[in-house]
Amino acid sequence: MTALPPPSAKKLGLVIDLDTCVGCQACATSCKEWNTGGYSAPLSDFDPYGADPHGTWLNRVHSYETGDGDTSRTVHFPRSCLQCETPACVTVCPTGASYKRAEDGIVLVNPDTCIGCKLCSWACAYGAREYDYADGIMKKCTLCVDRIYNEHIPEEDRIPACVRACPTGARHFGDLGDIDSDVSRLVAARGGYDLLPEMGFKPVNKYLPPRPKRDASTSPLARSEMNASEPAHVTGSALEKLFAFADKLLTR
Amino acid sequence: MHPAYSVIVFTTLSGAGYGLLMTMAALALTRSIAPDTRLGVVGLGAAFVMIATGLLSSTAHLGRPLRAWRALSQWRTSWLSREGLASLVTFVPAGVFALGWIYFGTTSGIFGLTALLSIALALATVYCTAMIYQSLPTIRAWHQPIVTPIYCVLSLATGSLLAITVLRLFALERPVLVGISVALLVLAAVLKRIYWSTIDSAQRTYTVGAATGLGRFGDVRPLDPPHTQANYVMREMGYAIGRKHADKLRRITVWVGLLLPALLLAATLVMPPLPATTATLLAVVLCGFGVVTERWLFFAEAQHVVTLYYGAKSA
Amino acid sequence: MHKHPPARDGMNAAASVMARRHDEPHVALSVPPADEIKTTTCYMCACRCGIQVHLKDGKVRYIDGNRAHPVNRGVICGKGAAGIMQHNSPARLRAPLLRTGERGSGEFKEISWDEALALATEWMGEVRARDPKRFAFYTGRDQSQSLTGWWAMQYGTPNFAAHGGFCSVNMAAGGLYTFGGSFWEFGEPDWDHTKYFLLFGVAEDHGSNPIKIGLGKLKGRGAKVVSINPIRTGYNAIADEWIGLKPGTDGLFVGALIHELFRTGNIDLDYLVRYTNAPWLVIRDPGARDDGLFARDANGQPLCFDKLSKTLVAANRVDIAPALTGDYQLADGRAAVPSFRLLAERFLSAEYAPATVAAECGIGADTIVRVAAEIADVAFRQTVTLPIAWTDWAGRRHQEITGRPVSMHAMRGISAHSNGFQTCRMLHVLQIVLGTIDVPGGFRYKAPYPKTAPPANKPAGKHEHIRPNTPLPGMHLGFVASPADLLVDENGAPSRLDKAFSWDAPLAAHGLMHMAITNAGLADPYAIDVLFLYMANMAWNSSMNIAATHGYLTDKNADGTYKIGKIIYSDAYASEMVAYADLILPDTTYLERFDCISLLDRPISDPNGPADAIRHPIVAPDRDVRAFQDVLIDLGARLKLPGFVTVDGKAKYPGGYPDYIVNHERTPGIGPLAGWRGKGGEQFGIGEVNPDQLDRYIENGAFHIYHLPPSQQYMKHANAEYLAFAKSVGFTGSTDPIIFQLYSEPLQKFRLAARGHGDVQPPNTHRHRIERYFDPLPFWYAPFEGTLIDEHAYPMHAITQRPMAMYHSWGSQNAWLRQIHTANRLYIARVRAAKLGIVDDDWVWISSHIGRVKCQVKVMDGVNPDTVWTWNAIGKRRGAWALDDDAPEAKQGFLLNHLIAELLPARADGYRYSNSDPVTGQAAWYDLRVDVKKCSHDEPPETAPRFEPTASPVPAAKVAVSDFGRAFNRERT
Ligand SMILES: Nc1nc2c(c(=O)[nH]1)N[C@H]1C(S)=C(S)[C@@H](COP(=O)(O)OP(=O)(O)OC[C@H]3O[C@@H](n4cnc5c(=O)[nH]c(N)nc54)[C@H](O)[C@@H]3O)O[C@H]1N2
Ligand SMILES: Nc1nc2c(c(=O)[nH]1)N[C@H]1C(S)=C(S)[C@@H](COP(=O)(O)OP(=O)(O)OC[C@H]3O[C@@H](n4cnc5c(=O)[nH]c(N)nc54)[C@H](O)[C@@H]3O)O[C@H]1N2
Ligand code: SF4
Ligand code: SF4
Ligand code: SF4
Ligand code: SF4
Ligand code: SF4
Ligand SMILES: [Mo]
């Protein structure tokens, strides 16, 4: 079971656009609310109204600053399981509870057989596995496996809860094994990349990098052009020039 | 990494238990001691109790201990599974060996074979334990080839020290064993030194830039964390120990936990029996303390790559 | 209510079973997620998105967005999706409470509703019969102002307002006085066509999901997003360019943009001539009583100079070519100039040259010049033309509409400064000179806007109208057009407690809720016997100077009675305010009641058509609580307020709020809801009462939207078809086009009064202030606080931002949201921190001229170096919100409100104005100036000030683990 299945043709995953994510946390709380009553139920919260509130979440949104001074930027960074193709989180599992689905590549934890040894969370490079202290088992993003094939949900909603929620449209879901899929095209067009490729886990999920800033360094308009648009035919003060320009026959 | 006491107790206690088992088996194989029943009960009994207690303690680390049996199924890929299996399988030859020693009063013939198997399987178990850690690419301090030798040497060093203690309680002196044990303790100290210099000098090739892919824009610094209080990942994987503190503990491990016991043990060779036994017991206590410290450090000093997302620059 | 279709063996599930490896566990892929789905309207914030509540076994299983809803189109935000935890919150009030301990102690006993209502009726009735103005009703983040306001009007007190005065009245008034609209509920950028978007001072805003959806669209299309904000987080982080100016200086920045556009001739002259008052002639007769007013003809029509006939003609004529430049002589011989001329002089002056403003803004002149050039380039060389035929106000048919695709949005970064009104006007002037109002790619109105600029309704509540047991003649809030509309007596004394519509805040279109407690506590202008508050945490995060506020709430007279006689409060949760009330009327929460999001107050319209919505009970309350609106209607009947009782004195709406929503008519045919009116529900906007109206709403997802035909979707201010429609459904009173007021005559009327003209004049103490700030043309001035205190002692600006995952104070009871913001930090620029020797995690004292707060620091790069900031309303008081006393919110969490003065430093004559905009009375939260110093090592690492804990009005939560989701998943495998 913990042996990885042969690579599947279908590689379902997420593509997250860091150029568009505003860090609103909708994906995080939507994930929590779907999953706390879903396949991974419950996602427990500890000391929820006390001094040290914390809980089990399958998706968390960080924010970072990068670069220095004028070139620095703020980037919001949602992080969940990347559904890796060759992840150690599966192979280390002693029980077979952690497995990768042969059909679509989704990495799951079987809640009925997991013993809560936490080894898979040590093996994951991305901090994507969260142990539920109350349930005694490991939880992780299921790619909403109980939504995306769910016959009780309208077809257009058979997408992960986080994708459906995301107000900016920064999250995309699809088959990254199909080079013609929308998500694959997006990745190709925008230079989608892997997190920590050196780790060798071959993440399926991809991140789209923030686009280059469009400020003084890249603006096509130079100051000279701006000056060129001045009404040059009149001499005098700026006010006189403006009045000359505005002194037209303007009908209502 | 969070130093979980259940895991520290498990690895040190069962490691010492396996070491004791191995030493007893080796003594039997080499016919260095006669299979005296009381000695067998005490020596092998202690080994079994330590192994079993360690294993039990390890299940305290599990969220669902009642399902622990499931851990035996994935030996094809999982070192944890292999360890579990090896530990259980070891009980078979070790049990037969103990039966021979204690009940039948013999350690030869078929029982000699079980002694040999006990050694092999015990060593394999300890090796598997070490491989659980060594095989993880996400934790540089563990992903070092020297980790398995250290676990094995420490298991043998602590086991042989315990064996000497048991023998001395039965007024048996085996200077060769004492020599070997001293050598193992010194070797463990040397290996740990090498280990630390390895991890200290290891290139931290994983960066927050690569972890986020934002390195292309320059230095990456966390602004707001996803949640204000620590979550599981930070509690489990975010444990960090100050350099100064670690250095002190390293020195304690090597000098107090390994070399001082070695010195005491070596000194016992020239001591009269009573002081020798007392010194041996003192060595056991110091070494036990040293090994627990070593294991605690093994976790506490290990940095997980996931810390990159929570503020670490490299891992 | 939709039932799920029965399970069937679909393709997907079948295929997945086949591909499963023999040893893969079986996964139940098709567990029915709900037994029932009910649609309603979210109220985790005031954005009012459509939601689907998925119920399983009668319990809320999960909430997601309603795809059909015009506001959010299916998406949901971080708060909305955490609604379950609000619904499960232990801080929900459980029964009516009567104070037993001292005010502020939090000690109460539970009483019955009968007792509570009898007490309230007694207290309120007595004041009404004696002196109704000594009753004040302030309703916070009220979603039912058309009811609450109407109730207060029937009661007869002048003292009613909701939270707009401390929130966004600068934005609203700045827009409404200029072009009859504003941002947010009034209109939004044309997200589908805009190519250049400027976002001024917005962290989140009420259009929470719409803005996010919009930004996503812009990003997808490659439109340029420019953020003008001292802080670079959230929306501002994804901007293509970030302009991190100094707080309070947007007026300079925008003025310089206008300067550049004027200098380079990049303005839409045709648009100015057709749709604005730029050609209107302004009288130039210094000293005269009409100096600076528009020259008008005998019919009162403003005049302009027609270049065709070379005469002065009524500016509303179609067949003319109005001049924008030149000097003219009026019939009486006096001089007059087109207002455009004054506008040009103002903005082309050196005062607004990029090089002049650069240092004060903290933005390079070259950046300002370039941004202006980019705007000009997009506006004039990248126009968008849509093939939409429409008819203009003059009856001319056009085959298409061309737009200048530059758009803007602004909110509290502009609004919450004491120069916000004029800055906001300037922003609209920028939009207007570019010609981007209600055009493709520009700003688009949402019905019932546009209205005339300013709208026609005037505030009611003049002294002479306040009489025992007598309703006011009209609604409280409105638009003052001249000093004669003010609510003041002969001496200029305010008739309202909050001094709205007085010389302190003449254009206070939303009232000044933030001053209600202060003024009541100081009995200035008069004392209050019963203060009735609803849905506002006034003892905490919505008050300035919290310690002083607690004082005002608890101060006693010599005889031991409280200065504020009685305080009645309705909250749904155990907020900080609860402890300060004498009587608590516990409300239901948003999944438990009817609500009405009405076109009569704050609708949810879309640019493509008017929309309104309801909430309806999804689950029954499990506590002894009642919907506030039901209670208010009941109180209205008990008090026998006109409109709430029938002629024979019986309750007019015995069915409570739903009864009122359906049956109340404000004017014949017009009621709270505009959809499905008429007996059979076939009418929109106006029509007979439809008894099944609420059912129609519920069937339709709890909202109604009327789709305007394409020909009415743009140019609404001058679109004959739209204007006719708007009049027919009562949005406007006439079909005249709405002319944008670049030059504001109402403001000039105030100036003239200040100069001694007219019947209603400011007291001498106020003349200078009125003269200075009522400039009919927008201008910039430095925010007040910095000019009144020692700027060197308090060199830094301190502001707050809305966290996207928290709604003011009320998210902290939410077990999920509070994990995201359990405590807050003070963010400071790296360069500044280095100078102050401050590093991450240090504790610092941040001090203002009224106090200091201790907090922990986070160093960052994306913040203006003269600015520090924090997330708003995270800090909590011990005892509130059913949190443990050692909750981080109360230990490390802090508010800047302790540092913000409610009153400005005294003038020479001792008078203290409120810390507000001088025109509108908008609270100036973001004028705050501070100093930051590192704490010494021996100071404890916890926030200060920390008030004594109050007793909790609800039992402590005492929950070790919350794992309610387990109940939903019995079918895991
Ligand atoms: N420093 C600083 N202070 C600020 C601001 C700032 O930016 N900085 N912003 C200001 C602005 S713009 C605003 S609008 C105010 C907001 O301040 P408040 O209006 O005080 O907002 P909330 O904290 O949301 O408080 C609303 C109250 O309504 C209660 N409530 C929630 N739901 C219900 C319900 O269904 N029924 C009833 N009856 N009560 C309910 C809550 O429990 C809470 O007590 O804060 C102002 N204060
Ligand atoms: N999630 C969430 N949404 C909310 C609310 C909430 O509490 N939480 N509150 C609601 C309410 S009541 C309101 S009023 C709206 C307010 O919505 P916003 O207007 O977005 O309110 P703020 O968070 O106060 O953001 C003000 C922004 O202005 C910036 N700013 C401050 N001073 C200046 C300045 O001088 N110039 C410029 N250009 N920028 C400046 C700040 O950095 C900040 O980014 O949000 C509403 N929506
Ligand atoms: S992200 Fe982590 S948990 Fe997910 S597949 Fe990869 S290694 Fe496993
Ligand atoms: S925690 Fe569960 S899933 Fe993870 S390795 Fe252990 S048994 Fe496998
Ligand atoms: S795919 Fe589902 S489980 Fe995974 S992060 Fe999104 S919502 Fe959570
Ligand atoms: S919902 Fe979308 S925009 Fe919001 S944090 Fe998640 S990915 Fe970013
Ligand atoms: S934006 Fe406001 S109304 Fe909309 S879903 Fe979020 S909390 Fe609810
Ligand atoms: Mo607000």
Side-chain angles (χ1 to χ4, degrees), chain A residues 1-3 18 23 28 52-57 60-68 71-75 77 79 88 91-97 113-119 121-127 129-133 135-138 193-200 207 209-210, chain B residues 1 59 61-68 70-84 132-133 135-139 205-206 208-237 304-306 308-310:
Chain A
M1 193 58 251
T2 43
L18 299 181
D52 186 20
H54 63 107
T56 316
W57 298 64
R60 296 186 186 251
V61 184
H62 298 248
S63 65
Y64 297 101
E65 284 193 325
T66 71
D68 297 303
T71 64
S72 76
R73 54 198 305 160
T74 310
V75 184
F77 187 89
R79 187 177 50 76
T91 49
V92 299
C93 176
T95 62
T113 54
C114 171
I115 59 174
C117 70
K118 310 185 187 84
L119 189 53
S121 67
W122 296 1
C124 169
Y126 306 103
R129 292 185 166 237
E130 300 210 2
Y131 176 71
D132 185 322
Y133 295 97
D135 210 13
I137 58 173
M138 195 55 70
Y193 63 85
D194 287 354
L195 304 186
L196 283 177
E198 316 89 298
M199 194 56 70
Y207 283 79
Chain B
M1 296 294 296
T59 62
H61 182 66
L62 302 181
R64 298 284 187 124
L66 294 181
R67 296 179 181 173
R70 292 187 181 273
L72 303 177
S73 63
Q74 303 302 312
W75 50 271
R76 284 196 293 286
T77 56
S78 166
W79 284 106
L80 177 50
S81 196
R82 286 170 192 157
E83 182 217 43
I132 294 173
Y133 306 105
S135 68
L136 293 176
T138 47
I139 303 161
T205 50
Y206 300 119
V208 59
T212 56
L214 300 173
R216 68 188 77 193
F217 300 109
D219 186 35
V220 181
R221 306 168 295 278
L223 180 58
D224 271 342
H227 294 77
T228 319
Q229 303 303 116
N231 59 26
Y232 162 73
V233 171
M234 294 161 79
R235 281 163 213 254
E236 180 79 1
M237 260 87 68
H304 196 286
V305 286
V306 76
L308 293 175
Y309 293 103
Y310 291 96

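In what follows, every chain begins at residue 1, and chains take the letters A, B, ... in the order their sequences are listed. What you see below is based on every heavy atom in this structure, not just the backbone, and it leaves out hydrogens, waters and symmetry mates.
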* Between A:Arg73 and B:Phe217, is NZ or CZ placed under 6.0 angstrom from the six-membered ring centre and within 45° of the ring axis? ->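 So A:Arg73 does make the cation-pi contact.
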
* Establish, yes or no, whether the cationic atom of A:Arg60 lies under 6.0 Å from the six-membered ring centre of B:Tyr309 and within 45° of the ring axis. => no

* To do: Measure the shortest side-chain to side-chain distance between B:Arg64 and A:Cys114 over non-hydrogen atoms and say whether it is less than 4.5 angstrom.
  =>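 A side-chain contact under 4.5 Å is absent here.
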
* Side chains of A:Tyr64 and B:Arg221 in contact at under 4.5 Å (non-hydrogen atoms) ->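 Not in contact.
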
Show the nearest heavy-atom pair for residues [X] and [Y], with the distance to one decimal.
X	Y	result
A:Thr95	B:Gln74	C-CG, 3.5 Å
A:Pro94	B:Ser73	O-OG, 3.6 Å
B:Met237	A:Ser121	CE-O, 3.4 Å
A:Thr91	B:Thr77	O-OG1, 3.2 Å
A:Thr113	B:Arg67	N-NH1, 3.6 Å
B:Gly213	A:Leu195	N-CD2, 4.4 Å

Between [X] and chain A, which part of the residue has a heavy atom less than 4.5 Å away: side chain, backbone, both or neither?
X	answer
B:Ile139	side chain
B:Glu236	side chain
B:Val233	side chain
B:Thr205	backbone
B:Met1	side chain
B:Ala211	both
B:Arg235	side chain
B:Leu72	backbone

[X] versus chain B, the contacting section by heavy-atom distance below 4.5 Å:
X	value
A:Val92	both
A:Tyr126	both
A:Arg129	backbone
A:Thr74	side chain
A:Tyr131	both

* Going through the distances and angles, do B:Asn231 and A:Trp57 end up as a side-chain contact (heavy atoms from CB on, under 4.5 Å)? -> CA-CA 9 Å; B:Asn231 59 26; A:Trp57 298 64; over 6 Å; no

* Asked: Is a side-chain donor or acceptor of A:Tyr133 paired with a backbone partner of B:Gly63 at a separation under 3.5 angstrom?
  ->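 Not at all, since once roles are kept as given, no pair shorter than 3.5 Å links the two residues.
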
* Report yes if the distance between the aromatic ring centroids of A:His54 and B:Tyr232 is under 6.0 Å, otherwise no. =>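 Between B:Tyr232 and A:His54, which both carry aromatic rings, the centre distance is not below 6.0 Å.
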
Chain B: which of [options] shares the most heavy-atom pairs with it under 4.5 Å?
options	answer
A:Cys93, A:Ser72, A:Gly23	A:Cys93
A:Pro53, A:Gly67, A:Gly55	A:Gly67
A:Val75, A:Thr66, A:Asp132, A:Asp194	A:Thr66
A:Ser63, A:Cys117, A:Ala88	A:Ser63

* From B:Leu308 atom CG to A:Leu196 atom CG, the distance as rounded to the nearest 0.5 Å ->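 CG of A:Leu196 is found 6.5 Å from CG of B:Leu308.
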
* **A:Glu198 CD to B:Tyr206 OH distance, which is reported to the nearest 0.5 Å** => 6.5 Å

Out of [options], return the one with the most heavy atom pairs under 4.5 angstrom to chain A.
options	value
B:Glu83, B:Met234, B:Arg82, B:Gln229	B:Gln229
B:Thr228, B:Leu136, B:Asp219	B:Asp219
B:Gly218, B:Ser81, B:Ala230	B:Ser81
B:Leu66, B:Val208, B:Val306	B:Val306
B:Ile132, B:Leu62, B:Val305	B:Leu62

* Under the side-chain contact (heavy atoms from CB on, under 4.5 Å) criterion, do B:Thr212 and A:Phe77 qualify, and how do the steps go? -> CA-CA 8 Å; B:Thr212 56; A:Phe77 187 89; 4.0 Å; yes

* Asked: How are the rings of B:His61 and A:Trp122 set to each other: parallel, tilted or perpendicular (split at 30° and 60°)?
  ->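 B:His61 and A:Trp122: tilted rings.
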
